[in-house]
Amino acid sequence: MKAEPRPVREADQIGFAERAGVRLAFKVYDNPGRPTVLLMPSWSIVPSLFWKAQVPYLARHFRVVTFDGRGSGDSDRPVGAASYVDAEYAADAIAVMDATGTERAVLVSLSRGDAWSVLVAAHHPDRVAGIVAIAPASGSLIGAEGEEKRAWESTEGGVRYNRHHWLEGGYDDFAEWFFARMFPEPHSTKQIEDGVRWAHQIEPATLVDTTAGRLSSESIVDSCRDVRCPVLVIHGTDDRIRPHAIGERLAELTGGSLVLLDGSGHGVHARDPVRVNQLIKQFVDRVHPVVRRTRSSRAISRPPRALYLSSPIGLGHARRDLAIASELRKLRPDLQIDWLAQHPVTEVLGPAGERIHPASAWLATESSHVEDDAGEHDLHVFETFRRLDALLVNNFMVFDDVLDAESYDLVIGDEAWEVDYFLHENPRLKRSAFAWLTDFVGWLPMPDGGTREERLTADYNLEMIEQRARLRRVRDRSVFVGNPGDVVSLPFGPGLPSIREWTEQNFDFSGYVTGFDPPDSGEREALRRKIGVRPDEKLCVVTVGGSGVGESLLRRVLDAVPAARRLVPGLRFLVVTGPRIDPASLPRHRGVSIRGYLPDLHRHLAACDLAVVQGGLTRAWS
């Protein structure tokens with residue numbers, strides 16, 4: 001199993017706070033002058049990574065501190081139930097605040113963190129500006145602790161939430177069962193897998209100690225009444241770990257506000273991250289009011305405006321998007337286009353004189369994550385896409401902030417998967433017309449993926465089909481860049497429709513968009529002369545598109561150059577690395593020119609005798 005993907009936002013400070021001999025690993029995401037949000041730990045079955053969909057967004061607006069609770073992540077794992085009572089976790093939170101120079105913070109908790117936030121606020125009111133409690137789990141608030149203790153200590157078989165079951169070989173079974181209950185919403189496979197993976201980073205005995213410590217802790221009812229700061233409680237109505245009656249009681253005792261999310265389970269922060277992120281930010285903004293700046297004008301009096309999102313996976317998208325933008329301007333000369341785009345697309349847009357929206361700087365780079373996952377000429381695209389989950393949340397939140405602050409008449413998304421997905425998840429956030437472009441539809445399992453991959457790809461496809469059937473109004477146009485014959489006729493999965501038939505029913509087809517017309521034979525000869533190809537030469541162009549995953553291919557081709565030139569007199573090579581591979585890092589050979597990026601690469605492809613291409617299919621039409 002691959003390691004965790006690189007974080008979307010790197011911490012500015014990493015360290016340890018130590019209290020009573022226990023080291024607590026913390027991370028700080030600086031944002032000078034802004035209030036601090038302390039993301040509290042939860043049950044030790046998960047590390048602080050469970051906040052991965054919240055950290056990047058919140059860190060753009062606030063200073064953020066996270067820490068692994070005792071018994072999880074990089075923090076110490078003391079032995080014995082006494083080390084894990086609620087009072088210890090609350091004291092740990094104060095120790096982390098001291099170690100990070102945090103005088104006061106808004107505490108955000110999930111599940112078990114509700115008790116620790118309440119204890120900190122009740123006993124250290126000067127340190128807590130507010131509490132956001134997500135899916136609070138303190139059963140003592142509704143008198144449910146007795147029944148839980150009996151089940152926990154039971155020696156009868158068939159009980160998964162049970163110390164004997166965990167210690168006697170049933171821990172794997174428990175982890176699968178627990179996270180399936182934590183995420184009861186359909187299509188929650190990634191969140192369940194994350195939870196199960198994290199559960200196996202700690203020993204069952206440690207989890208037994210943490211649970212025994214919690215069950216021996218005192219009720220927090222009196223402490224709730226002592227809380228004087230603002231409180232927001234968020235709870236799903238389909239929480240199968242802790243009923244939303246706990247959240248209602250917590251809000252009542254603290255005089256807080258309550259938001260019930262219909263149909264959501266216990267892990268609502270991960271399964272509905274956009275909504276939860278917005279609720280947290282809105283709460284912190286109420287506790288620490290800020291001057292809100294937006295841009296608005298009478299729609300009838302301003303020029304039409306479009307926000308264009310171009311996928312960073314391959315420069316072919318950028319070239320076709322520039323061509324589309326050019327045609328749009330012919331139809332509407334007064335159209336203003338802003339681009340929400342990232343490297344390497346910006347390497348094409350900048351020289352073309354396009355306006356790149358300043359918020360683009362907040363986008364997390366998909367290309368870097370793809371390169372991390374690519375082995376030597378080997379990339380499992382489906383699994384890589386699943387590992388982009390936190391990145392996609394971040395980039396959608398950037399998009400949503402832009403649309404919240406500025407007015408656009410049209411959003412064009414060229415394979416901006418996060419925007420399309422989360423708009424379907426949150427249709428209330430659609431603020432303008434939306435045109436969606438793509439050149440592939442649906443996931444298919446690889447032959448060696450087995451039944452697991454067949455199940456997962458079918459589940460992802462079914463979610464897309466359900467979204468489109470229910471919320472057709474989200475997209476004003478769905479455009480397939482290509483022709484019907486380019487779409488495979490295989491089914492989306494067992495019992496699901498044919499991909500081609502479904503695409504024909506749900507998309508318009510644009511044909512290929514290249515931004516240029518293929519030359520005829522006479523024009524090709526003129527091109528060869530223009531780029532300096534002599535009559536006695538043969539030109540081989542080698543290019544790997546916009547990401548860095550093709551470096552191994554380039555090196556293999558370059559290793560073969562001497563032998564190829566001996567076999568084919570007059571053969572010379574033009575190697576184009578793209579903007580994410582340093583040309584100087586590649587070996588040099590006679591008869592080889594190496595360039596980082598050519599804006600007129602299509603002309604060289606049209607004029608060459610042979611092209612070796614990885615990616616860049618829109619450019620490599622020849």
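Remember, it's a predicted structure, so these values are computed and weren't measured experimentally. Quick note: residue numbers are just sequence positions, from 1. Computation of the quantities below employed the complete heavy-atom set of this structure, encompassing side-chain atoms and omitting hydrogens, waters and symmetry-equivalent molecules.
Formation of a donor-acceptor pair under 3.5 Å by the Thr254 side chain with backbone atoms of Val231 is not found in this model.
Looking only at atom types and distance, the side chain of Thr189 has a donor-acceptor partner in the side chain of Arg386 under 3.5 Å away.
Taking the six-membered ring where tryptophan is involved, the planes of Trp339 and Tyr308 are essentially parallel, since the angle between them stays under 30° and well short of 60°.
In terms of the side chain to side chain donor-acceptor pair (under 3.5 Å) criterion, Asp30 has no residue partners (sequence neighbours excluded). Arg472 is linked by a salt bridge (Lys or Arg N to Asp or Glu O under 4.0 Å) to nothing, counting only residues two or more places apart in sequence or in another chain. Phe178 pairs by the ring-ring contact (aromatic ring centres under 6.0 Å, His included) definition with Trp43, Phe174, not counting sequence neighbours. Under the rule for a ring-ring contact (aromatic ring centres under 6.0 Å, His included), Phe67 has no partner lying at least two apart in sequence or in another chain.
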Identify each donor-acceptor pair in which a side-chain atom of residues 257-264 lies under 3.5 Å from a protein atom, sequence neighbours left out, and give them as a table.
none

Using atom types as modelled, flag every donor-acceptor pair under 3.5 Å from a side chain in residues 19-26 to any protein atom, sequence neighbours excluded.
unit_1: Arg19; atom_1: NE; unit_2: Asp92; atom_2: OD1; d: 2.9
unit_1: Arg19; atom_1: NH2; unit_2: Glu88; atom_2: O; d: 3.3
unit_1: Arg19; atom_1: NH2; unit_2: Glu88; atom_2: OE1; d: 2.3
unit_1: Arg19; atom_1: NH2; unit_2: Asp92; atom_2: OD1; d: 3.2

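Using a 4.0 Å cut-off between charged nitrogen and carboxylate oxygen, Asp74 and Lys27 do not count as a salt-bridge pair. A salt bridge links Lys190 to Asp194: one of the charged nitrogens lies within less than 4.0 Å of a carboxylate oxygen.
Between the CE atom in Met464 and the NE2 atom in His187 there is a gap of 11.0 Å [rounded to 0.5 Å].
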